[in-house]
Amino acid sequence: MASSTPPTLTTAKPYQNHHIQNIQNQHHRRTHNGHNSLHPPPPRNPTAAKPPAPIPATVAAGTHRNPNFTPLSSSKSELAADFSGRRSTRFVSKMHFGRQKSGGSIRHSIVAEDALQQLIRCSGDDRLIESVLLSFQSKLCGSDDYNFVLRELGNRNEWSMAIQCFEFAVNRERRRTEQGKLASSVISVLGRLGKVELAKKVFETAVSEGYGNTVYAYSALISAYAKSGLCDDAIKLFETMKLSGLKPNLVTYNALIDACGKGGADFKRASDIFDDMLSNGFQPDRITYNSLLAVCSGDAASSGGHMDYAFQIMAEMTAKNIMPNEVTYSTVIRGCAKSGRLDQALSLVSEMKYANISLDRVSYNNLLAIYASLGRFDEALNVVKEMENTGLKADVVFYSEIIDSLCKKGFVESSALLLDEMTKKGIQPNVVTYNSIINAFGHSGEARLTNDNKREIVCLENGEKKVTNRDEDRIINVFEQLASGKLNIGEKGRKEIICVLGVFRKMHELEIKPNVVTFSAILNACSRCSSFEEASLLLEELRLFDNQVYGVAHGLLMGYRENVWVHALSLFDEVKRMDSSTASAFYNALTDMLWHFGQKRGAQMVVLEGKRRQVWENTWSDSCLDLHLMSSGAARAMVHAWLLNIYSIVYEGHELPGLLSILTGWGKHSKVVGDCALKRAIETLLGSMGSPFRVATSNIGRFISPGPMVAAWMRESDTPKLLVLEDDRAYPQTHPNLQPLVL
DNA sequence: GTAGGGTTAG
C-alpha cells in the first residue's frame, strides 16, 4: 500500500518554478484522493464516502489553468531535488539578484544563448543533449561560448548537463589553453553547486590529461573546497600547487582566505595566509579584505573577540583607500548581530547610509533581522517600505521573517494580518510562512485571532452556514462542530484551534503544498494539546495532507503498532532521504506526540528505529548515552531503552564500565540558549526510578554513575519493571508473525 | 578562477 504511494515528504523550496509547483499540486491531489489510506476513518456523513475525498476546488481547478500539465512520470529528477536536503535559498537567490559579472563586455555569441535554450529543454535526456550539442558544434565560438553555457547551466542546477557539455567541448578542442579554460569553468560551476567531489574528479582528469596544471584550475578547486567548507583540503591543495611549481596569484590567495571563513578556521590561520600573501608581494584588494572580515564575522565571532579585529581591518582598508562597499558592511553588520551587538550593527547601517552606500537586498535583510530580533516590528515593516521605495521588491522571505518573529513573540494575530497583507500585495506566502504560524499553535498564552477568524466564529456561532460548493468539506465540518460546542475542548483551545484551522484552510485555498516541516509542526502542535480530541482535529488536517504520515502517526497513537509498523518503516525510508536535522526533527516530533499521549512503547520503537538509522548521529555505547539532539519525549524513551540494554549486560553476568554517563547538553541546541528543558526532564525521570545517576560537577549537562552502583540498582527487584515501557492503548497483534520489539 | 544575507521544525 504505502510502497505504491509516490514520495510525499518534501522540503520543497520557495524558489521552485511553476513547472515543479504544478507537478507537486498534481501529486498533492493524488494524495488527497487517498487510495493508500492506512486507516480510513469512518465517513462523517454519507456524502463523505463518495470518492473523491475532499479536494479544495481551487486545487482541482488547476488542471484548467494549465492544460500542458507535465506527467508525474517525467518529473523524477525535479522531485528528487526535494530530497536533496539543501536548505538555504542563498545560492539560488544570488543567481537572480546577485551582482552582475564585472568586466562588462559580453563575450559569448548569440548562438550560445540559443544553444542554451535548446539544451535546457532536453534536461534529463543525455542523447537529446548530445544531438543538440552536435547541431551547434560548428556554430559555437570556442571556450567563451561554452563557458557561458556552462555557467548558465550551473545557474539552473543542471550540473550533470554541464559535465556532459564540458566533456563534449574538451574532447573536440585541441588547444591546451582552451581546454584549461573549460576545465576551470566547469570546476567553478560544480563548486558553486556544492559538487566538490565531481569538481575534484574533473580537476584530476584535467591534470592527468595535461591541461589542468594551471593557476586557474587550482584556484577554482580551492574555491570549490571553500564553498563546501573544506578549509583543510583547500590549504592542502594550495601547498600541492606550490610544490608543482605554480605561483599562486591574488585570486588564489583570496579564495584561500575565503576558505578559512567558510570552513570555520580561526582568525589566526586566515591572518597567517594574509601575511604570507603580503610577503610574496601581493597587495590585498577589497575582496581580500572582505574575505578576511568574513573570517572575523564567522562562528568564532559569536563567542566574542574577533569583531574588534573586524573594525581594525575596516580602518586599515579606509587608510589604504580601499573603500568599504555594501559587501564589507553587510559582513561586519552580520558579525555584530551574531555576537549580540545589535546597537553597533544598527549604527553601522547608519554609517553605511552616511557614506552613500546604497543598501541592497542583503543589507535590507540584515536590517530586517536586527529589528525583528529586537522586537521592533514597526521598524521592520518600515524596512520593507524603504526597500520598496529604493526600487527593490520585498519577497516572500522578507515577509516570512517578520511573520515568524511575530509568531515567536506571541503575536499570532498580527502575523496572520501580515499574511493577509502580503497576499493582497501579490506576494504569495509559501509553506515556510505557514509553518511558522502552525508552529505558534499552543505556544501563545491566549488565543489571538485574526479578524477573519473572528468573523468566522461569529458566523458559525450564529448558525450561518458558509456557502461552499463541496458538502463534504471536512474543514468546514470541523468548524461547525467547534461552533456548536459538541467537542470537548475548552474555550481557549477552541478559539485557538479555529485560528489554526483557518490557517490550514488558506493553505488549501492557495494550493500550498505542505512538507515534512509542516508534518513535524502538526505533530508538535498535537503534543501541546491538552485533550485527545483537540489533537485529533489536528491529525485530521494531517490526514487531508498526507495519508501515509497520518496513517503511521494515527496508528501508533491508537496502539495498532504491529499493523502499522511496516508502513512506519517505509515512511522512515523516505525521511532517511532528508538531511539529518530535518529527519531528527521529524522523529522528535512523532515521538513526543506518542509520549505525550501515553504511547510510550510506540515512542520507544520510533526512537530505536531512528537510532538504528543513525538519525541522531551518535547516541549510545555501553558507557555513554548522548541525548543532546533529542526532544524530551525521544530522550526519555531512549533512556529506558539504553537502561534496558545495560540491564541485559548485568543480567548476562558481564561487568559494566567503571563510569556510565548520560549527556543531555545544557541547552546549547535549544532555541533559547541555556534552556535546559531536556536536562530537567531527564533528571526527573532518573530520579523517579531511583537510579544512582547524578549531575556531574564538571559538566552540568551530564549525569554520571559508577558502574557498580548501576549494577546494584539493576539487581533490585523493582528495577526491571520500572524500565519496561507500555502503551496506554494497545491492541492484540493481528499479525502473529511479526516479532515483538526486541531490544 | 576570488568577497556578504535570508524565513519554518531543532
Side-chain angles (χ1 to χ4, degrees), chain A residues 11 13-14 87-91 93-94 97-99 102 147 180-181 183-185 187-188 191 214-224 226-227 249-259 261-262 285-295 297 325-335 337 360-369 372 395-405 407-408 429-440 515-525 578 580-589 616 628-631 669-671 678:
Chain A
T11 45
K13 304 299 185 296
R87 292 150 58 83
S88 171
T89 58
R90 184 180 140 217
F91 175 70
S93 301
K94 278 190 86 136
F97 308 114
R99 296 180 297 283
S102 56
N147 288 341
K181 283 183 191 173
S184 310
S185 182
I187 290 167
S188 157
T214 70
V215 64
Y216 299 103
Y218 273 97
S219 301
L221 189 57
I222 287 171
S223 173
K227 289 190 169 88
N249 62 20
L250 178 63
V251 173
T252 323
Y253 276 108
N254 286 352
L256 200 57
I257 294 169
D258 180 42
K262 294 195 169 75
D285 66 1
R286 190 154 64 192
I287 294 178
T288 322
Y289 280 115
N290 286 349
S291 301
L292 202 54
L293 286 168
V295 180
S297 299
N325 65 357
E326 69 281 6
V327 177
T328 319
Y329 273 100
S330 52
T331 306
V332 179
I333 287 169
R334 187 134 207 99
D360 62 359
R361 296 187 72 79
V362 179
S363 317
Y364 279 120
N365 196 274
N366 284 334
L367 188 55
L368 183 77
D395 62 14
V396 59
V397 178
F398 279 82
Y399 277 98
S400 298
E401 268 189 275
I402 307 178
I403 284 171
D404 183 58
S405 304
C407 286
K408 290 270 187 322
N430 61 25
V431 66
V432 178
T433 327
Y434 281 98
N435 287 347
S436 290
I437 302 177
I438 296 167
N439 280 316
N515 61 15
V516 64
V517 182
T518 320
F519 303 145
S520 298
I522 294 174
L523 293 173
N524 281 324
M578 317 271 158
S580 68
S581 70
T582 302
S584 61
F586 181 78
Y587 275 86
N588 283 337
W616 292 281
H628 80 281
L629 291 175
M630 297 189 161
S631 62
H669 294 274
S670 166
K671 266 273 168 344
L678 176 63

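In the text below, chain A, chain B and the rest are named by the order of the sequence lines, each starting its count at 1. What you see below is based on every heavy atom in this structure, not just the backbone, and it leaves out hydrogens, waters and symmetry mates.
Using a 4.0 Å heavy-atom cutoff across all strands shown, S219(A) reaches at least one base atom of the nucleic acid. As judged by a 4.0 angstrom heavy-atom cut-off over every strand, T328(A) is placed among residues making no nucleic acid contact. Contacts of F398(A) with the nucleic acid, taken as non-hydrogen atoms under 4.0 Å apart, include base atoms. The residue V332(A) sits apart from the nucleic acid: no heavy atom pair falls under 4.0 Å.
Looking at the side chain of K408(A), the nearest of the listed nucleotides dG4(B), dT8(B), dT2(B) is dT8(B). Considering only side-chain atoms of R361(A), the nucleotide from dT7(B), dA3(B), dG5(B) that sits closest is dG5(B). Nearest nucleotide to the side chain of N439(A), out of dT8(B), dG5(B), dA3(B): dT8(B). In the set dT7(B), dG4(B), dG1(B), the nucleotide with an atom closest to the side chain of S330(A) is dG4(B). Closest to the E326(A) side chain, of the nucleotides dT2(B), dG4(B), dT8(B), is dG4(B). Of the candidate nucleotides dT8(B), dG5(B), dA3(B), dT8(B) has the atom nearest to the side chain of S436(A). Taking every side-chain heavy atom of S400(A) into account, dT7(B) is the closest of dT7(B), dA3(B), dT2(B). Closest to the side chain of V397(A), from the set dA3(B), dG4(B), dT7(B), is dT7(B).
If you check the side chains of N515(A) and T518(A), you find a donor sitting under 3.5 Å from an acceptor. Between the side chains of T328(A) and N325(A), at least one donor N or O lies within less than 3.5 Å of an accepting N or O. A donor-acceptor contact closer than 3.5 angstrom links the side chains of S223(A) and K227(A).
We find the CG-CZ distance between L293(A) and R334(A) to be 15.0 Å, quoted to the nearest 0.5 Å. Residue N290(A) holds its CG atom at 11.5 Å from OH of Y329(A), rounded to the nearest 0.5 Å. Residue Y434(A) holds its OH atom at 10.0 Å from OG of S400(A), rounded to the nearest 0.5 Å. For the atom pair OH (Y364(A)) and CZ (F398(A)), the distance works out to 9.5 Å, reported to the nearest 0.5 Å.
Contact annotation: K227(A) side-chain N/O to dA3(B) OP1/OP2 distance is under 4.0 Å. Close to dT2(B), at under 4.0 Å from its OP1 or OP2, lies a side-chain N or O of S188(A).
Computed from coordinates, the I522(A) CD1 to dT8(B) C1' distance equals 13 Å when rounded to whole Å. One interatomic measurement links the two molecules: CD1 of I403(A) to P of dT7(B), which rounds to 14 Å at whole-angstrom precision. When rounded to the nearest whole Å, the span between CG of L368(A) and C1' of dT7(B) equals 10 Å. Between the CD1 atom of I287(A) and the C1' atom of dT2(B) there is a distance of 5 Å, rounded to whole Å. One atom, CG of L256(A), and another, C1' of dG1(B), lie 14 Å apart when rounded to the nearest Å. Regarding L367(A), its CG atom lies at a distance of 20 Å from the P atom of dG4(B), rounded to whole Å. For the pair I222(A) CD1 and dT2(B) P, the interatomic distance rounds to 12 Å; values are reported in whole Å. Across the protein-nucleic acid pair, L293(A) atom CG and dT2(B) atom C1' stand 15 Å apart, rounded to whole Å.
Taking 3.5 Å as the limit, the base of dG10(B) and the side chain of S581(A) contain a donor-acceptor pair of atoms between them. Contact of D360(A) with dG4(B) (side chain to base): a donor-acceptor pair of N or O atoms is detected under 3.5 Å. Side-chain atoms of D285(A) and base atoms of dA3(B) include no donor and acceptor less than 3.5 Å apart. The base of dG1(B) does not come close enough to the side chain of S184(A) for any donor and acceptor atom to sit less than 3.5 Å apart. In the interface, the side chain of D404(A) is not paired with the base of dT7(B) through any donor and acceptor atom under 3.5 Å apart. At a cut-off of 3.5 angstrom, the base of dG1(B) holds at least one donor-acceptor pair with the side chain of N249(A).
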